[in-house]
Amino acid sequence: MNLFEDQGFERRSCKTCNRYFWTLDAEREKCPDHSDDTYSFIGDPPTSKRFDYTQSWKEVESFFVKNNHTSINRYPVVCRWRDDLYFTIASIVDFQRVMGSKVIFEFPANPLVVPQTCLRFKDLENVGVTGRHFSSFCMIGQHSIPNENGYWKDECVNLDFNLLTQQFGIAKKEITFVEDVWEGGGSFGSSLEYFVRGLELGNAVFTEFQGDLSNYKTLDQRIIDMGAGLERFAWITMGTPTAYDCCFGPITQKLIQNAGIDTDSSILVPYFTEIAKNLELYEDLSHVRKNAIKTTGLSDEQINRIITPLEGIYLIIDHIRTLIFAISDGALPSNVGGGYNLRIMLRRIVSTMDRLKLKFDLNEIIDIQIDYLKNTYPELEKTREDVKEIISIETGRYDSSKQRMQKIVSKLDKEPKVEDLITLYESDGVTPEYLKEMKVISEIPSTFYAKLSDLHQSKKQKEQVNLPLEGIPDTELLFYGDDPREFDAEVLKSFENFVILDKTAFYARGGGQEPDKGDIGGQEIMDITKHGNIIVHEIKGDVPKEGDTVSCTVDAKRRDGITKNHTSTHIINTSARSVLGSWVWQHSAFKEEDHARLDITHHSALTNDDVKKIEDAANSIIGKSIPVKIENFDRGTAEQKYGFRIYQGGVVPVKSVRIVSIGDLDIEACGGTHVANTSDIEQIKITKTKRIQDGVVRIEFVSGDSAKEFVKKKQQDSESKEKEEKMKEEEKGKRIEQRQLAKERIPVIAKSLLECKQGTITVDDITMKLAASGKANFCYSTSDNYDDVFHIGLGEVLCKADPKLVYCGLFEQGEKIRVIVYSGENISKEKSAGEIVKSISQILGGAGGGSPKFAQGGGINKSKKEDAIKNAKSMIIE
RNA sequence: GGGCCGAUGGCUUAGGGGUAUAGCGCCACGUUCGCAACGUGGAUGUCGAGGGUUCGAUUCCCUCUCGGUCCA
C-alpha cells in the first residue's frame, strides 16, 4: 500500500488475536477489537465536525462525486432481481445477477457510490439495546472495476483515508486498518477494515478469486466492494450515547419528550459505552446488559425509568423505518417468506408500546420519518399514504388476532396435550409461544416441532427429466419474428416422443403461459418445453426421422386465446395497482386458451367494488386502443430506464431482456406472446377472485371471445336465478299464509272443542271424545286440510287446557303420511305420546318417536290411515 | 395445492335426528313532563347451497360455495 508508506503507517500483530493491523499510533499494541479506547468517541467525538444521517450522506456523496464517482440511487430493498434473496442485504447485491450457478456483476457506472438501504433481521433482539444494531441501515457502497475508468487497492484506500481525514476531519492517527480475508458467494479476496476508536466504519473487499481458500482461480472480473455504515459515520461525528440518537432525525427527541423520559447524559454516556464494550466480550445480550448495569452502578429505578423506555423507543423508530422502506418497495407483512419478518417487526412495535404503556401515533411517526428520510430518498414521498394504510391494516389484524387467540384460549378447560397444541396451532393459529406467554402451558413440549414437521413431510418434488441435448444448437424462435401459423422445419434430433427442430413457431411452456398445440408432420403435439435455449416438442405418435423436413401447423385459435389472455394479464396487473395501491405486484400468473389467472400481492380479499373498478380500468385500457410495443434491451439499461417494476414475472436470467410496454401504463420484462394493440382483446371480464394465501389475491378472468361468452352465460344464469327466486318467494308466502291461518283458527277451534263437557263433538273435522271420569280424553283428526304446524299448535293448546287429553293428528303430506301426538301432563305417564306414535307409525309402515308429552312419526301406507286411528283409539280409550 | 375448523334472526351465540336457544339490538304498549332505566308483549330464522340416508335432517353422510387458519 503506497498510502501506508507515504503516511508512515506501521504493520503490527494484535497481542490478543494476532491479526495484522496498520497504525500511526506508536503505543497501539492491539487491534481495535481489543484496545482500551474502544467506543471512547461516545460523549467525545474525534472530530470537530458534526454530521447527522442526512448530512453524512451528503458529505460522502460530494466527496466521491468530486473524485469522479457516479452517485446512483438506491436499489429496492426487496431484491427482485435475485431468486435466492428476499431482501437486499448489501450494496454489492445491487449489481449481482445470478445466471445458472454463476454470479456476474453488472455496474451501471464505474466507479460508483450508492446509499443502499439494507435489511437484516439476524440481530433483531439487539436492536434498540446495543446502541448500534439496526434492522435496516444505509450501506455506503463504493464499487469499482479496475479498468480504464475504475481503480484497484491503492486508489481505494487513498479515497477512504481522505474521506475520513479531509471530509470528516478525523485525525489520521485515529484510523486503524485491519487486514482480513472476506469470502462469500463463491468468491473471495483480501479485505481491509477501517476502524476509528474501536468502531468499524467500513470494509473494503478486493474480490479477485473464485472458489474457496483451498481451491481457487482468478476471476475474469475483479471487483472492489467497499461497504461502510452510514449510521456509524454520523455517530462518530456526533458522539451521542447511541447511534439511534443521531440517525433518525427529529423523531427520536420527539418521542422521548412525548414519553416524558429525562435523558441524563451523565448516565447514558457511560452506560452505552459499557454496553458497546461488553458486546465484544459476551454473546448473550442479557449478560451484556447485566454487566453494563453493574459496572455503571445504575439503580433498578434508573433502568426502569430511563434505559428500558429508551430501548423501546429506539426499537419502535428503527422498526418503523424498516417497514417504511420495505412497504414502499412493495413488500407486505404476511405469514410467508420475507413478509413474515415484517409482520414480526410490526408486532414487536405494538407489543413494545403495550408493554411500556407508550401511546404513540404510528402515522405521525411515519410522517416525521419520511419528512426526514426524503432528504436522502425523495422517492419515499410517493408511497407515504400507502405505508400508513398497510401499517394500519396490519395493526388491526394483530389486534383481532390477539383477541381471537384470547377467546380460544379462554375456552380451554384443561392443559392441552401436544396433540391439542398441534390442532390449536394448525387450525386456529394459536402459537405455543402465545400459550406460554398466557401461562396456559408452562413449557413448549420438546416433541411439538418434531410432530409438526412429521405432519408436513414435504412430498417429493417431480423429478426433472434429463434429456440428451448436448451439441444441439439453439432453436430459432419464430414466434418472436414473423410468427407464422404454418411453417416447415428440419428435424435436428428425435427420440422417444421428443422432437427438436432447427426453428419453431410453437410457444413453449414458460412465464405462466401454457404451450401451444398443433401438429408436427401430422402428429399431434402433447407438450412443449424449454431447456436452456432449445425447444423440445413432445408428440403423440411416431417421431419423424432426423434430417427430415416436416411441415408444422400451430393451433391458431388456441394461440389467439392465450395471447389475448397474456396481454390481459399485464393490463389487469397495472389496473389492480392503480385501483388498489402501489404494493400490488404480480405474484404469479397462468394463461390458458379460454381462461387465465393473475395472482397479485395485496393485503385483503377484494371487495365487489374493487373488482368492478379493476375490470373497468382494464376495459378502459382496451377501449383506448393502445399499441403494445416490444423491444429488446441490455438488462442493465432496462433496469436503469424503467426501474425494477419490469420484473413482475420474476427474475429474468438473460443478459438481454424483452420489454413489453403498453403505452407508459405497464412496462414489463416478458418472454410471452402479445397482441399488437390492446383493442384486439375486445373485452376483459373478471370471473372470480380469491385470497390464496396471506398477502396474495388470485384474480381469475377471461378475455376476447371467452369474455363475451361468459357475459352471455351470466345473463342467462341471472335470468333463471330470478325465476327460481320468484318461486321460492311464492312458496314462502304460502307457508306464512298457512301459519297465519293456523294462528287464527287454533283458538277458535280449541274454544269450541273445549266447550264439550261430555260425549263426542266434531268441529271442522276434528273429533273430541270425552271419557268417563278418570280416563283419558281423546281428540283426533285425520283431515288432510291441516299440516304439522297446525297440529302442533292445536295439540299444545288443548293439552294445556285439558291435562288429561291425548291429541292425535294424522295427515297426508305428499306421498307420505304423518302423525303428531300430544299427551297432557296428567296422562302422559300412562299414555305416552312416544309409545302411541311408535305403534301408529308401525301400522303406517314407518317409524316415529319422541317424548312422553310430544312425539311425531309417519309412514308410507296411506291406506292404513283408518286402521291407525282405530289403533290409537284402542290404546287411549281402552 | 394440501390439512384442519367454521357457516343457526340485524349482531353475538347454545344446542343437537322429533315444537330452534338465549343475550344484545329492533318495534309496540305501559310507567315518566321527557330521557335513561324498568315492566309487558312482538318479529317472514327455508339453522350457507345441492344431493343422499330416514316416516322425519338444522343435526348423520357426500358434493359444492363462502369464510377462517396452518403448511407447502
Side-chain angles (χ1 to χ4, degrees), chain A residues 334-337 340 397 400-401 403-405 407-408 411 419-432 434 449 451-462 588 590 597 599 604-606 608 688-694 696 698 721 724-725 727-740 742-743 746 787-797 799-800 807 809-823 833-834 836-862 864-865 868:
Chain A
S334 78
N335 60 3
V336 281
Y340 192 64
R397 211 158 266 175
S400 55
S401 147
Q403 277 178 20
R404 192 176 45 78
M405 288 202 281
K407 211 166 145 185
I408 291 164
K411 280 187 181 173
E419 286 73 24
D420 303 327
L421 289 180
I422 286 172
T423 313
L424 278 169
Y425 176 60
E426 297 239 284
S427 307
D428 306 309
V430 179
T431 55
Y434 178 81
Y449 288 104
K451 287 202 175 175
L452 197 65
S453 65
D454 277 355
L455 222 58
H456 296 287
Q457 280 292 346
S458 56
K459 286 150 208 151
K460 265 189 193 164
Q461 291 258 316
K462 225 196 270 175
S588 59
F590 177 84
R597 60 171 188 253
D599 297 344
S604 310
L606 299 187
N608 290 339
K688 192 181 163 180
T689 67
K690 190 187 175 191
R691 238 181 130 199
I692 57 163
Q693 61 167 233
D694 198 3
V696 180
R698 171 164 296 171
K721 209 172 186 180
E724 212 174 287
E725 208 106 308
M727 271 171 61
K728 272 187 183 173
E729 201 65 33
E730 272 170 32
E731 254 175 66
K732 203 175 174 182
K734 261 189 206 163
R735 255 191 33 237
I736 291 160
E737 217 172 278
Q738 254 178 344
R739 199 171 285 190
Q740 196 63 32
K743 214 171 137 190
I746 285 170
D787 67 349
D788 49 347
V789 176
F790 179 85
H791 285 301
I792 288 169
L794 182 62
E796 187 166 350
V797 169
C799 287
K800 226 178 220 169
Y807 178 87
L810 261 104
F811 60 100
E812 286 175 27
Q813 198 171 52
E815 297 303 302
K816 310 271 169 65
I817 181 156
R818 287 193 61 192
V819 53
I820 286 166
V821 173
Y822 256 100
S823 189
I836 296 166
V837 161
K838 262 185 205 164
S839 169
I840 295 177
S841 301
Q842 212 160 18
I843 292 168
L844 295 170
S851 71
K853 284 181 187 165
F854 172 78
Q856 49 184 311
I860 44 175
N861 277 334
K862 285 187 188 174
K864 294 277 173 80
K865 199 169 172 184

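Side chains included, hydrogens not; waters and symmetry mates left out as well; all remaining heavy atoms used. Here is how names work: the chains are called A, B, and so on, in the same order as the sequence lines, proteins then strands, and each is numbered from 1.
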Distance in angstrom units between I792(A) CD1 and G18(B) P, rounded: 13 Å
Heavy-atom pair with the smallest gap, counting every atom of G858(A) and S841(A): N-OG, 3.4 Å
Nucleotide pairing, RNA chain B (Watson-Crick or G-U, distances under 3.5 Å), in dot-bracket with [ ] and |: (((((((..(((.....[...))).(((((.......))))).....(((((..]....)))))))))))).
pair F811(A)-V819(A): side-chain heavy atoms closer than 4.5 Å: no
K800(A), NZ: over 12 other non-hydrogen atoms inside 6.0 angstrom: no
Protein-nucleotide distance (K800(A), atom NZ; U19(B), atom C1'), rounded to Å: 11 Å
Most 5' of S841(A) and G850(A) on RNA chain B, judged by nearest nucleotide: G850(A)
4.5 Å side-chain heavy-atom contact, Y807(A) and V821(A): no
Same-atom distance (P) from C47(B) to A72(B), integer angstrom: 40 Å
Inter-nucleotide P distance (A49(B), C66(B)), Å rounded: 15 Å
Distance between C1' atoms of G6(B) and U59(B) (Å, rounded): 15 Å
Sugar-phosphate, base or nothing in reach of A855(A), heavy atoms under 4.0 Å: nothing
Integer-rounded Å distance: G17(B) C1' and D788(A) CG: 16 Å
Spacing of the C1' atoms in G15(B) and G30(B) (rounded, Å): 35 Å
OP1 or OP2 of G1(B) under 4.0 Å from side-chain N/O of R597(A): no
Sugar-phosphate only, base, or nothing, as touched by G857(A) at under 4.0 Å among non-hydrogen atoms: base
Electrostatic pair E812(A):R818(A) at N-O distance under 4.0 angstrom: no
Protein-nucleotide distance (L810(A), atom CG; G56(B), atom C1'), rounded to Å: 14 Å
Nearest-angstrom distance, C1' atom, G50(B) to U40(B): 44 Å
Provide a list of protein-nucleic acid N or O atom pairs under 3.5 angstrom, restricted to nucleotides 20-22 of chain B.
none

Separation of the C1' atoms in C62(B) and U54(B), to the nearest angstrom: 16 Å
Contact check, side chains of K865(A) and I817(A), non-hydrogen atoms, under 4.5 Å: yes
Distance-only side-chain donor-acceptor flag, H791(A) / Y822(A), under 3.5 Å: no
Distance in angstrom units between K838(A) NZ and G56(B) P, rounded: 18 Å
Which nucleotide in U19(B), G1(B), G56(B) has an atom nearest any side-chain atom of K816(A): G56(B)
Gap between atoms NZ and P, on K853(A) and U19(B) respectively (whole Å): 14 Å
Nucleotide U19(B), atom P - distance to CZ of F854(A) in whole Å: 5 Å
Y822(A) vs R818(A), nearer the 5' end of RNA chain B by closest nucleotide: Y822(A)
Separation of the P atoms in G18(B) and U32(B), to the nearest angstrom: 47 Å
Pairwise C1' distance for C61(B) and G67(B), with rounding to whole Å: 23 Å
D787(A) (side chain) donor-acceptor with F790(A) (main chain) under 3.5 angstrom: yes
Spacing of R698(A) atom CZ relative to G67(B) atom P, expressed in whole Å: 14 Å
Taking distance alone, no hydrogens or angles, what donor-acceptor pairs closer than 3.5 Å link side-chain atoms of residues 844-855 of chain A to residues at least two apart or in another chain?
| residue | atom | partner | partner atom | Å |
| --- | --- | --- | --- | --- |
| S851(A) | OG | K853(A) | N | 3.4 |
| S851(A) | OG | F854(A) | N | 3.1 |
| S851(A) | OG | F854(A) | O | 3.1 |

Rounded distance [0.5 Å steps], CD1 in I820(A) versus CD1 in I840(A): 11.5 Å
